[in-house]
Amino acid sequence: MPTPSHLKNPLYFDFRAARRVPESHAWPGLHDHPVVDGGGTPGTPDAVPVVDLRDPGAAVVARVARAAEQWGAFLLTGHGVPAELLARVEDRIACMFALPAADKMRAVRGPGDACGYGSPPISSFFSKCMWSEGYTFSPASLRGDLRKLWPKAGDDYASFCDVMEEFHKEMRVQADKLLELFLRALGLTGEQVAAVEEERRIGETMTATMHLNWYPRCPDPRRALGLIAHTDSGFFTFVLQSLVPGLQLFRHAPDRWVAVPAVPGAFVVNVGDLFHILTNGRFHSVYHRAVVNRDLDRISLGYFLGPPPHAKVAPLREAVPPGRTPAYRAVTWPEYMGVRKKAFTTGASALKMVAAAAAAAESDDADAAVHQPLVLSS
């Protein structure tokens with residue numbers, strides 16, 4: 001559906017009633033690159049990496065390092081989040097998006113708002129609309145935010161909030177565990193991990209945002225797109241998806257889209273741009289998109305982790321090779337979002353723009369800063 005920034009009055013696009021894909025939702029260039037199956041034999045070039053937390057610690061660290069360096073994403077299994085909780089989360093999301101249009105539009109996200117109902121914020125940079133509906137909220141203000149949908153509260157409101165708060169509690173534990181794994185995957189010892197946390201307080205101050213997505217079945221999925229290709233801006237994201245495939249990761253040499261398999265109980269973990277910066281480009285953010293299905297709806301939940309707005313994010317000393325300068329300058333999340341906005345409107349790479357600023361500041365080693373490995377960023 002169109003975002004408020006596309007509309008003089010917030011009209012609702014009824015996906016259920018659509019018998020064709022209108023031009024407003026038809027995207028060109030969706031098939032410029034082939035799509036390959038990412039659920040093949042582990043270790044093959046197109047098989048999405050799997051990290052099983054039940055494996056021995058050293059093996060888990062090695063797999064996280066390899067996946068973050070080579071893919072910027074992986075499937076996370078053996079995490080211990082109860083399957084019945086994940087089923088309740090999916091059920092509550094489906095019920096929320098099944099609310100009458102008037103109820104959902106009551107919570108529509110206005111220009112500049114971070115939370116509310118609507119398409120992803122990045123959709124405002126494009127003339128085409130996405131085949132999806134979304135709802136974004138902060139777990140810290142969940143009950144207040146959701147009163148927009150359920151102004152009189154009630155049983156559905158209480159059930160939704162209870163389930164999401166339970167999920168948030170579980171995911172904060174997972175986020176802390178994964179942050180430590182990422183730092184160990186950089187080669188840090190236990191003492192160095194503790195020292196980094198003492199200095200940077202990354203885990204202590206990390207903020208969470210939840211974005212719910214509903215991708216309705218589509219009469220012509222070859223012309224429509226559920227979510228435009230992009231990288232996440234924060235540290236890292238846990239993606240919970242229903243058993244309908246739709247998430248695709250972009251890979252180079254040759255250029256192709258890899259379809260992420262829908263594995264029961266697994267999370268997809270995506271590395272974001274600010275973690276790319278924090279690790280000096282060693283763990284790279286992943287370019288990804290969501291496609292739609294002719295026969296089935298798809299639901300997903302993104303649990304996004306990032307720094308507080310005032311915190312400067314700069315490459316860790318431990319991630320910068322000896323004798324080299326950092327590949328990226330320090331930025332706050334809002335500052336980086338400003339860079340991304342400019343990148344969207346010019347077709348440039350936000351990460352490259354930040355790296356170029358670092359090179360200008362380090363004139364003695366400009367070439368080293370500019371020619372660090374970079375990935376496509378939106």
Note to self: Quick test of your reading of the model: are Glu165 and Lys169 salt-bridged, counting only N-O distances below 4.0 Å?
What the structure shows: no
Heavy-atom closest pair (Asp255 atom, His252 atom, distance to 0.1 Å) is OD1-ND1, 3.0 Å
| field | Met353-Leu278 co-clustered via ILVMFWY side chain contacts under 4.5 Å | value | yes
- Got a donor-acceptor contact below 3.5 angstrom from the Asn280 side chain to the Ala327 backbone? yes
Check whether more than 12 heavy atoms from other residues, nucleotides or ligands sit under 6.0 Å from atom CG of Asp14, and answer yes or no. yes
**Prompt:** Does NZ or CZ of Arg289 fall inside the cone over Phe250's six-membered ring, less than 6.0 Å from its centre and within 45° of the axis?
**Reply:** no
Query raised in the report: So, Arg184 side chain and Leu188 main chain: donor-acceptor pair closer than 3.5 Å or not?
Result: no
Is a side-chain N or O of His211 found less than 3.5 angstrom from the main chain of Gly134, in a donor-acceptor match?
no
**Message:** Determine whether a donor-acceptor pair (N or O, by modelled atom type, separation under 3.5 Å) exists between the side chain of Asp297 and the backbone of Arg217.
**Reply:** yes
Subject >> Verify same cluster id: Val89, Val244 (apolar side-chain graph, 4.5 Å) >> reply: no
>> Under a 3.5 Å cutoff, is there a donor and acceptor pairing between the side chains of Glu133 and Tyr12?
In response: yes
### Message
Is there a side-chain contact between Arg200 and Leu316 in this structure, where contact means two heavy atoms from C-beta onward sitting under 4.5 Å apart?
### Response
yes
Here the gap from Leu149 atom CG to Cys161 atom SG, rounded to the nearest 0.5 Å, amounts to 9.5 Å
Apply the test ring pair (Phe, Tyr, Trp, His ring centres under 6.0 Å) to residues Trp131 and Phe13: give CA-CA distance (whole Å), side-chain angles for both, the deciding distance (0.1 Å), then the verdict.
CA-CA 10 Å; Trp131 201 269; Phe13 185 84; 5.7 Å; yes
Ring pair (Phe, Tyr, Trp, His ring centres under 6.0 Å) test vs Phe236 passes for just one of Phe74, Phe267, Phe275, namely Phe275
Between Gly226 and Met130, the two heavy atoms sitting closest are O-CB, 3.5 Å
**Message:** Can you confirm whether Asp176 sits close enough to Glu180 that some side-chain heavy atom of one is under 4.5 Å from a side-chain heavy atom of the other?
**Reply:** no
Of all heavy-atom pairs linking Gln241 and Leu247, the shortest is OE1-CB, 3.9 Å
Here the pair of heavy atoms bringing Ala47 nearest to Pro42 is CB-CA, 4.2 Å
Notebook entry, point to check: When clusters are formed by joining ILVMFWY residues with side-chain heavy atoms under 4.5 Å apart, either directly or through shared neighbours, do Trp214 and Leu240 land in the same one?
Noted result: yes
Report task. Kindly indicate, with the supporting measurements, whether the criterion side chain to side chain contact (heavy atoms under 4.5 Å, CB included) is fulfilled by Trp257 and His31. Result -> CA-CA 10 Å; Trp257 290 103; His31 311 289; over 6 Å; no
d(Ile299 CD1, Asn213 CG) to nearest 0.5 Å is 10.0 Å
task: Would you confirm whether Thr345, through its side chain, and Lys341, through its main-chain N or O, come within 3.5 Å as a donor-acceptor pair?
output: yes
- Check the angle between the aromatic planes of Phe15 and His25 and answer parallel, tilted or perpendicular using the 30° and 60° thresholds. perpendicular
Worksheet item: Does the side chain of Asp37 come within less than 4.5 Å of Asp46's, by heavy atoms?
Response: no
- Task: State, yes or no, whether a side-chain contact exists between Leu75 and Pro261 at a heavy-atom distance under 4.5 Å.
- Result: yes
| task | Compare all side-chain heavy atoms of Tyr336 with those of Val313 and state whether any distance is below 4.5 angstrom. | result | no
- Apply the test side chain to side chain contact (heavy atoms under 4.5 Å, CB included) to residues Leu301 and Met210: give CA-CA distance (whole Å), side-chain angles for both, the deciding distance (0.1 Å), then the verdict. CA-CA 7 Å; Leu301 182 158; Met210 293 170 67; 3.8 Å; yes
Within the 4.5 Å heavy-atom criterion, are Phe182 and Phe235 side-chain neighbours or not? no
Original post:
Side chains of Val35 and Val291: closer than 4.5 Å at any heavy-atom pair?
Top reply: no
TODO: Show your reasoning for whether side chain to side chain contact (heavy atoms under 4.5 Å, CB included) applies to Cys218 and Val21.
DONE: CA-CA 8 Å; Cys218 177; Val21 174; 3.6 Å; yes
**Asked** Step by step, would you call Leu274 with Val331 a side chain to side chain contact (heavy atoms under 4.5 Å, CB included)?
**Response** CA-CA 9 Å; Leu274 290 182; Val331 291; 4.1 Å; yes
Taken to the nearest 0.5 Å, the spacing of Leu146 CG from Met96 CE works out to 8.0 Å
Handout entry: Heavy atoms of other groups near Lys312 NZ, more than 12 under 6.0 Å
Key = yes
Keeping the roles fixed (side chain from Asp113, backbone from Cys115), state whether a donor-acceptor pair exists under 3.5 Å.
no
task: Run the salt-bridge test on Arg317 and Glu199 with the 4.0 Å N-O cut-off and return the result as yes or no.
output: yes
Next on the checklist: Looking at Arg63 and Asp52, would you say the former's side chain and the latter's main chain have a donor-acceptor pair under 3.5 Å?
Outcome noted: no
In this structure, CG of Leu296 is separated from CG of Leu243 (nearest 0.5 Å) by 10.5 Å
Closest non-hydrogen atoms of Ser138 and Ala208, given as atom of the first, atom of the second and distance, are OG-O, 4.1 Å
Fill in: Exercise: do Asn270 and Thr237 side chains pair donor with acceptor under 3.5 Å
no
- Would Val173 and Val64 show up in the same hydrophobic cluster when neighbours are defined by side-chain heavy atoms closer than 4.5 Å? no
Taking the six-membered ring for Trp, are Tyr135 and Tyr117 parallel (under 30°), tilted (30 to 60°) or perpendicular (over 60°)? tilted
Kindly state whether the ring of His276 and the ring of Tyr328 have centres lying under 6.0 angstrom apart.
yes
**Message:** Does Glu191, at its CD atom, have more than 12 non-hydrogen atoms belonging to other residues, nucleotides or ligands within less than 6.0 Å?
**Reply:** no
One should read off an interatomic distance between Asp273 CG and Met337 CE, to the nearest 0.5 angstrom, of 9.0 Å
Minimal heavy-atom distance between Thr231 and Ser285, with the atoms involved, is CG2-OG, 4.0 Å
Here the gap from Ile228 atom CD1 to Lys128 atom NZ, rounded to the nearest 0.5 Å, amounts to 11.5 Å
*asked:* Between Thr189 and Gln192 (side chain of the first, backbone of the second, donor and acceptor by atom type, cut-off under 3.5 Å), is there such a pair?
replied: yes
May I ask you to say whether Arg106 pairs ionically with Asp103, meaning some side-chain N is under 4.0 Å from a carboxylate O?
yes
**Request:** Give a yes or no on whether the backbone of Gly265 and the side-chain of His79 come within a donor-acceptor separation of less than 3.5 Å.
**Result:** yes
Please tell me if the side chains of Tyr157 and Lys152 come closer than 4.5 Å, counting only heavy atoms from C-beta onward.
no
Could you tell me whether the side chain of Glu204 and the main chain of Glu197 form a donor-acceptor pair under 3.5 Å?
no
Please check if Met206 and Phe304 belong to a single hydrophobic cluster, counting links between Ile, Leu, Val, Met, Phe, Trp and Tyr side chain heavy atoms closer than 4.5 Å. no
